[in-house]
K.L.:
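Before we start, here is the structure in question, set down as structure tokens.
None of the values given here were measured: they were computed from a predicted structure. Every chain is numbered from 1, with letters handed out A, B, ... down the list of sequences.
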Number of protein chains: 2
Amino acid sequence: MYSALYNHINRFIDLSNDEQEILASLLKSFSFKKKAFLHEAGETCRANYFVVKGCLRLYFIDIKGAEQTTQFAIENWWISDLTSFIFQKPSDFYIQAAEATEVIIIERRNYDELFEQLPKMEKYFRLIFQKLHQASQMRIKYLYSQTAEERYTSFNSLFPEFVQRVPQYMLASYLGFTPEFLSKIRAKK
Amino acid sequence: MYSALYNHINRFIDLSNDEQEILASLLKSFSFKKKAFLHEAGETCRANYFVVKGCLRLYFIDIKGAEQTTQFAIENWWISDLTSFIFQKPSDFYIQAAEATEVIIIERRNYDELFEQLPKMEKYFRLIFQKLHQASQMRIKYLYSQTAEERYTSFNSLFPEFVQRVPQYMLASYLGFTPEFLSKIRAKK
DNA sequence: CTCATTTCTTAAACTAGATTAAGTTTTTTG
DNA sequence: CAAAAAACTTAATCTAGTTTAAGAAATGAG
């Protein structure tokens, strides 16, 4: 049922079968069709989402009405509007399935419960957030050091398979430019 | 000696005196003059730095030779090039004192030791990295949703005291534009 | 207190990337 | 499979922010 998540956790800490069962009591799993919304702006973010299969994106609508994708999550990764999730405040973000996607979720009250019942999970999430922070530091460095064209070129050579998985307009907003500009870059090749 | 850090930790978890002593054995503290380097590009980042007093900035030199400030840390906050620190690989970043600064540091080997000797600290750092991730999500959202001028205006009204503490050229690169453009914005008021 | 260095400003010329708008291709759905 | 919707392309025009360069103001060190 939750084996994808157990496997991921066991890369970082050891969970016994008993502990897996406690964990299981705090999880739920869902499937979403492509383009389905797990969460919409205006709502409070109810869960932290672990992608078992597929792809989710976190985005918001800017003042000009354009979708700005700020984060993607694929297999074996977590995604949420953390501020909304932690403080249970309304969110500006949407979380949408970019492909048909299976997720395992932890709801807000179970998130606190998790750390009380399984203190071991502190280490797991410490390591997850540590990695997320590493990723953010690198992302910000790339945003500040490269032109739009360089960002596309280097992202494309680092993650060629991923570039094929999502529509170009989602990728363009993630990389910080317009879909039209992405077409222009691609036409040059 | 390390009371600023103990106080900070005690906002999140309870540490006994005995535990504080164990922690103390894994820490060091230093003072740096304004403009001193705690870490330079090319070196491997030796520590995770907690600012007791003052201000540190993390920056790199871009292809054009300009300094790009990607992060600041002031009182009661942590800063490091995490990727370099964790994997002990050479860093592209500098960490410099933007003011005379007192820090408490955890060196790499003591960072692992810390979690072995004081598993409680997993929760503390889980919460620290969780907050850092929240801050990154907000930062990226602001970078994608606002013009340069709006970023300055909103940063200035959110953190007016901080804006006074650092030179404008550091702030400009943190907000993602040139010092000349910042002068232009300010002249308009 | 003074000279040197660092920081900030101004302004003209420039450009990377946005905007607008229309047309084309691909994908989805009934 | 046909029609509609979604995604992508092209090209002309435009603009927010950069670049370059020089001078002014502030800060700091001896």
K.L.:
Choose from C:dT9, C:dA18, D:dG17 the nucleotide whose nearest atom is closest to any side-chain atom of B:R186.
P.N.:
C:dT9

K.L.:
Which residue is it: A:F50, A:F12, A:W78? I am looking for the one with a ring-ring contact (aromatic ring centres under 6.0 Å, His included) to A:F125.
P.N.:
A:W78

K.L.:
Should the pair A:E122-B:K123 be classified as a salt bridge under the 4.0 Å nitrogen-to-oxygen rule?
P.N.:
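Salt bridge between A:E122 and B:K123, a charged N being under 4.0 Å from a carboxylate O: yes.
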
K.L.:
Are A:K64 and C:dT19 close enough that a side-chain N or O sits under 4.0 Å from OP1 or OP2?
P.N.:
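True: A:K64 side-chain N/O within range (under 4.0 Å) of C:dT19 OP1/OP2.
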
K.L.:
Heavy atoms under 4.0 Å, any strand shown: does B:F181 hit a base, just sugar-phosphate, or nothing?
P.N.:
base

K.L.:
Report the distance from atom OH of B:Y169 to atom P of C:dT6, rounded to the nearest whole Å.
P.N.:
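The distance from OH of B:Y169 to P of C:dT6 comes to 9 Å, rounded to the nearest Å.
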
K.L.:
Starting from the 5' end of DNA chain D, give me the residue, B:Q146 or A:Q168, whose nearest nucleotide shows up first.
P.N.:
A:Q168

K.L.:
Let me know the distance between OH of B:Y152 and P of D:dG17, rounded to the nearest Å.
P.N.:
15 Å

K.L.:
With DNA chain C as reference, determine whether A:E180 or A:A148 sits nearer its 5' end, using the nearest nucleotide of each.
P.N.:
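It is A:A148 whose nearest nucleotide is closer to the 5' end.
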
K.L.:
Quick check: on DNA chain D, is the nucleotide nearest B:K34 upstream (toward 5') of the one nearest B:G176, or the reverse? Name the residue that is more 5'.
P.N.:
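Final value for this comparison: B:G176.
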
K.L.:
To the nearest Å, give me how far apart CG (B:L182) and P (D:dT18) are.
P.N.:
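Rounded to whole Å, this separation is 11 Å.
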
K.L.:
Could you state the OH-C1' distance from A:Y144 to D:dT18, rounded to the nearest angstrom?
P.N.:
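From A:Y144 OH to D:dT18 C1': 16 Å.
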
K.L.:
What about A:Y152 and A:F181, are their ring centers closer than 6.0 Å?
P.N.:
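No, the ring centres sit 6.0 Å or more apart.
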
K.L.:
Rounded off to whole Å, could you give me the NZ-to-C1' distance for the A:K33 and C:dT28 pair?
P.N.:
13 Å

K.L.:
Has A:Y169 got more than 12 heavy atoms of other residues, nucleotides or ligands less than 6.0 Å from its OH?
P.N.:
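Count over threshold, so yes.
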
K.L.:
To the nearest angstrom, how far is B:K35 atom NZ from C:dT5 atom P?
P.N.:
12 Å

K.L.:
With a 4.0 Å cut-off, would you call B:E75 and B:R165 a salt bridge?
P.N.:
yes

K.L.:
Could you work out which one of D:dA6, D:dT18, D:dT10 sits closest to the side chain of A:S183?
P.N.:
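Taking heavy atoms from C-beta onward, the closest nucleotide is D:dT10.
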
K.L.:
Rounding to a whole Å, what distance do you find between B:I185:CD1 and D:dG17:P?
P.N.:
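Between P of D:dG17 and CD1 of B:I185: 7 Å.
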
K.L.:
Between D:dT18 and B:T178, is there an OP1 or OP2 to side-chain N/O distance shorter than 4.0 Å?
P.N.:
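Answer yes for this pair, as a side-chain N or O of B:T178 is under 4.0 Å from OP1 or OP2.
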
K.L.:
May I have the distance from A:K188 (atom NZ) to D:dT9 (atom P), rounded to whole angstrom?
P.N.:
15 Å

